[in-house]
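First comes the structure, then the notes that go with it.
Keep in mind that what you see is a predicted model, and the values were worked out from it rather than measured. Residues take their numbers from the sequence shown, with the count starting at 1.
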Amino acid sequence: MFIEVKGINDALLIKVNEAATFDQIIDELNMLLDQPIFKNDRYYPKAYFDFGSRILKENELYCLLQLLRQKKCLLFQGLSLPLKNDSIQVISSPIFNGEIKHVYEDTLFLSPIHSGSYIYFERTVFFLNMVQGHIISSNTKARIYGQQFQNAVIMINQSIIHNLTTSALTSIYYKDGRIVLKEDEYEQNYRYYFR
């Protein structure tokens, strides 16, 4: 059995085994909906589908909806979507002069960012060591957090700070057409799963 049906309040939760193929799920659901319990002309239970961490493709979702439409025995109320597991990428190697690094997700840099290096980022970057290179983003919602900046160049949405030098905890972000620096204060309490 790949499908488990639970009654919750006035609705059904149809939980699908993640190990099953989509064809196995559709076949079992087809047989399940032919059972006498679902053949009542006066009552159509609401049904929610839980596919766990499985992400349905567009054609699979269409196939599921077509089956439910054909059987005419459930009121489709929706399906669960996988939760995004907030995680942060960790880069432990130093970035040297002339090296270019592109990061597209929240990233923690453990080693120094040397002068003449370039970090292009999209979201949030955290630096636990000395930053002397160029830190660049075109995203106005991008954020930078670090403690040691020495003659660093920060560029966000074409606003630029040259020769940033500080040894205080600093958050850097873009607001109202300019780059804002806040020392000794992190604005958010970030919780991530490190991988």
Side-chain angles (χ1 to χ4, degrees), residues 16 18 22 48-62 64-65 76-195:
V16 176
E18 295 181 38
F22 186 75
Y48 296 89
F49 287 81
D50 182 1
F51 283 89
S53 63
R54 178 192 301 261
I55 298 175
L56 291 183
K57 298 175 187 157
E58 189 174 329
N59 63 330
E60 293 173 337
L61 180 58
Y62 179 77
L64 173 66
L65 294 175
F76 178 73
Q77 294 294 302
L79 54 96
S80 66
L81 296 174
L83 294 174
K84 182 183 176 205
N85 184 13
D86 286 338
S87 64
I88 187 167
Q89 176 183 10
V90 178
I91 297 178
S92 58
S93 59
I95 310 299
F96 294 105
N97 183 358
E99 192 173 348
I100 298 173
K101 191 78 168 172
H102 294 270
V103 293
Y104 302 99
E105 57 188 310
D106 294 345
T107 305
L108 170 66
F109 289 88
L110 298 176
S111 297
I113 310 301
H114 293 280
S115 179
S117 62
Y118 291 82
I119 305 289
Y120 292 91
F121 72 105
E122 290 296 317
R123 295 180 59 185
T124 303
V125 287
F126 302 88
F127 298 101
L128 291 185
N129 220 307
M130 179 67 71
V131 177
Q132 296 174 313
H134 296 73
I135 313 300
I136 303 167
S137 180
S138 59
N139 181 2
T140 58
K141 297 190 185 314
R143 294 195 173 256
I144 302 167
Y145 295 95
Q147 180 173 325
Q148 298 176 337
F149 295 90
Q150 183 179 35
N151 297 322
V153 176
I154 308 296
M155 185 174 177
I156 302 175
N157 195 34
Q158 299 189 9
S159 290
I160 193 164
I161 296 177
H162 291 284
N163 300 322
L164 172 63
T165 301
T166 181
S167 59
L169 291 173
T170 306
S171 64
I172 304 167
Y173 57 92
Y174 185 84
K175 184 177 181 183
D176 299 329
R178 65 184 186 89
I179 296 175
V180 178
L181 282 84
K182 284 199 173 184
E183 292 187 346
D184 294 324
E185 181 180 326
Y186 282 101
E187 291 193 334
Q188 295 181 0
N189 181 16
Y190 283 92
R191 291 182 182 167
Y192 289 97
Y193 299 98
F194 291 89
R195 59 181 160 138

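- Leu181 places none of its side-chain heavy atoms less than 4.5 Å from the side chain of Ile154.
- When the side chain to side chain contact (heavy atoms under 4.5 Å, CB included) test is applied to Tyr48, the partners found at least two apart in sequence or on another chain are Ala11, Leu13, Gln77.
- Pairing each heavy atom of Ser138 with each of Asn157, the nearest pair is O-OD1, 3.9 Å.
- Of all non-hydrogen atoms in Met130 and Gln150, the two that sit nearest each other are SD-CB, 3.5 Å.
- Evaluation of the side-chain hydrogen bond (donor to acceptor under 3.5 Å, both in side chains) rule for Gln148 yields no partner, not counting sequence neighbours.
- A search for ring-ring contact (aromatic ring centres under 6.0 Å, His included) contacts involving Tyr174 returns nothing, not counting sequence neighbours.
- To the nearest 0.5 Å, atom CG of residue Asp176 and atom OG1 of residue Thr140 are 11.0 Å apart.
- Separation of atoms CZ (Phe126) and CZ (Arg143) is listed at 10.0 Å; rounding is to 0.5 Å.
- Within the model, atoms CD1 of Ile113 and CD of Gln132 stand 10.0 Å from one another, a figure rounded to the nearest 0.5 Å.
- Partners of Phe96 according to the ring-ring contact (aromatic ring centres under 6.0 Å, His included) rule, which considers only residues two or more places apart in sequence or in another chain, are His114.
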_Run the side chain to side chain contact (heavy atoms under 4.5 Å, CB included) test on Lys101 and Ser117 for me, step by step, so that the C-alpha distance in whole Å, both residues' side-chain angles and the decisive distance to 0.1 Å come before the verdict._
CA-CA 8 Å; Lys101 191 78 168 172; Ser117 62; over 6 Å; no

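- Residue Ile119 holds its CD1 atom at 9.5 Å from NE2 of His102, rounded to the nearest 0.5 Å.
- Within the model, atoms CD1 of Ile179 and OG of Ser137 stand 10.0 Å from one another, a figure rounded to the nearest 0.5 Å.
- Residues forming a side-chain hydrogen bond (donor to acceptor under 3.5 Å, both in side chains) with Glu99 (at least two apart in sequence, or on another chain): none.
- In this view, Phe109 and Phe127 satisfy the ring-ring contact (aromatic ring centres under 6.0 Å, His included) rule, not counting sequence neighbours.
- Here the CG-CZ distance, from Asp106 to Phe121, works out to 10.0 Å after rounding to the nearest 0.5 Å.
- With sequence neighbours excluded, the residues that form a side-chain hydrogen bond (donor to acceptor under 3.5 Å, both in side chains) with Thr166 are Glu183.
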Under 3.5 Å donor-acceptor pairs involving side-chain atoms of residues 158-165, not counting sequence neighbours:
from   : atom 1 : to     : atom 2 : distance (Å)
Ser159 : OG     : Gly177 : O      : 3.4
Thr165 : OG1    : Asn151 : N      : 3.0
Thr165 : OG1    : Asn151 : OD1    : 3.4

*asked:* Does Ile91 form a side chain to side chain contact (heavy atoms under 4.5 Å, CB included) with Val103? I'd like the steps, not just the answer.
replied: CA-CA 10 Å; Ile91 297 178; Val103 293; 3.9 Å; yes

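- Legend: residues meeting side-chain hydrogen bond (donor to acceptor under 3.5 Å, both in side chains) with Glu122, ordered by chain and number and at least two apart, are absent.
- Annotation: ring-ring contact (aromatic ring centres under 6.0 Å, His included) contacts of Phe76 (sequence neighbours excluded): Phe49.
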_Phe51 and Leu56: CA distance, side-chain angles, deciding distance, side chain to side chain contact (heavy atoms under 4.5 Å, CB included) verdict_ = CA-CA 8 Å; Phe51 283 89; Leu56 291 183; 3.8 Å; yes

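- Between Asn129 and Ser111, the side chains place no donor N or O within less than 3.5 Å of an acceptor N or O (distance only, hydrogens not considered).
- Side-chain atoms of Tyr173 and Lys182, non-hydrogen and from C-beta on, do get closer than 4.5 Å to each other.
- Closest approach of Ala152 to Val131, counting heavy atoms only: CB-O, 3.7 Å.
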